[in-house]
Amino acid sequence: MAAEEQESGRGFRVQDRRRFSPETGEPRGEAEAAKLQENAGEEQPTERSAKDREAHEAYSHSHEPISFSSFILGLITQALMFLGEVAPPPGQTKQVDLGAARQMIDLLAILKEKTKGNLDAAEDAMLENALYDLRIRYVEIAKKNH
């Protein structure tokens, strides 16, 4: 595995920054300690860091920043998927996971409580309406499944 990481340019570098010599246990000399500190501050350019930079630039240019509303809509969609209210991808069957749905609903409730007073009117209304709707759907589906 280590050979694969070195061949592909991935992996990591371990640098000994201990103040004491591993061989003798004695404090390292000032020159050796200074050299270790100097090397620790140097950024070693690697093939992976260049790839990471390219990926980050491509990602940041192709997407708009996420808003609180779109974040909440994503959580709502997940809850609806767990309730079986969203059509599954082609070739997959509809599945209901009430435990996961309840966790998503509880997560939305926590967000509503923790963001109280910090949301604009539209965000607050969206969250309130979504929680009401999801809770009603959850109860109806839970009754059907028991």
Side-chain angles (χ1 to χ4, degrees), residues 1-23 25 27-28 33-146:
M1 173 132 167
E4 286 177 13
E5 288 177 350
Q6 286 180 350
E7 288 175 11
S8 67
R10 297 183 342 200
F12 57 92
R13 186 179 87 181
V14 177
Q15 185 174 20
D16 186 359
R17 299 193 312 191
R18 295 178 284 190
R19 292 187 178 152
F20 297 94
S21 171
E23 293 85 23
R28 293 181 190 246
K35 183 179 176 187
L36 287 174
Q37 287 293 344
E38 183 180 300
N39 289 339
E42 291 178 7
E43 191 172 310
Q44 300 293 324
T46 64
E47 185 179 322
R48 181 164 178 155
S49 65
K51 286 181 182 178
D52 287 345
R53 258 193 315 276
E54 288 175 18
H56 177 70
E57 288 175 14
Y59 178 81
S60 62
H61 291 299
S62 64
H63 298 292
E64 293 185 26
I66 190 169
S67 67
F68 185 77
S69 296
S70 61
F71 172 64
I72 295 300
L73 285 172
L75 296 176
I76 293 166
T77 302
Q78 288 182 42
L80 290 170
M81 286 173 37
F82 291 133
L83 290 171
E85 298 287 304
V86 174
Q92 294 185 3
T93 59
K94 178 174 143 178
Q95 295 182 359
V96 175
D97 186 345
L98 291 176
R102 183 173 181 136
Q103 284 182 341
M104 294 307 297
I105 294 168
D106 290 346
L107 177 61
L108 287 164
I110 289 169
L111 283 171
K112 178 164 178 42
E113 180 65 31
K114 294 295 183 178
T115 58
K116 190 182 290 185
N118 293 323
L119 302 178
D120 62 33
E123 292 168 336
D124 191 48
M126 179 182 71
L127 195 48
E128 182 68 36
N129 292 335
L131 277 169
Y132 176 80
D133 182 58
L134 289 170
R135 287 172 174 155
I136 294 296
R137 288 175 189 239
Y138 177 87
V139 170
E140 290 173 353
I141 292 169
K143 283 182 183 178
K144 287 180 191 175
N145 289 339
H146 281 104

Close side-chain approach of I76 and D133, heavy atoms under 4.5 Å: no
Heavy-atom donor-acceptor pair, T115 side chain to N118 backbone, under 3.5 Å: no
Side-chain heavy atoms of R135 within contact of I105, under 4.5 Å: yes
Under 3.5 Å donor-acceptor pairs involving side-chain atoms of residues 77-91, not counting sequence neighbours:
residue	atom	partner	partner atom	Å
T77	OG1	L73	O	2.8
E85	OE1	R137	NH1	2.8

Salt-bridge contact D124-K112 (side-chain N to carboxylate O under 4.0 Å): yes
Rounded distance [0.5 Å steps], NZ in K116 versus CG in L127: 11.0 Å
Distance-minimising heavy-atom pair for I66 and S70: CG1-OG, 3.0 Å
Rounded distance (nearest 0.5 Å) linking atom CG of L111 with atom CD1 of I72: 5.0 Å
Closest non-hydrogen atom pair, V96 against I141: CG1-CG2, 4.0 Å
From CE (M126) to CZ (F68), nearest 0.5 Å: 7.0 Å
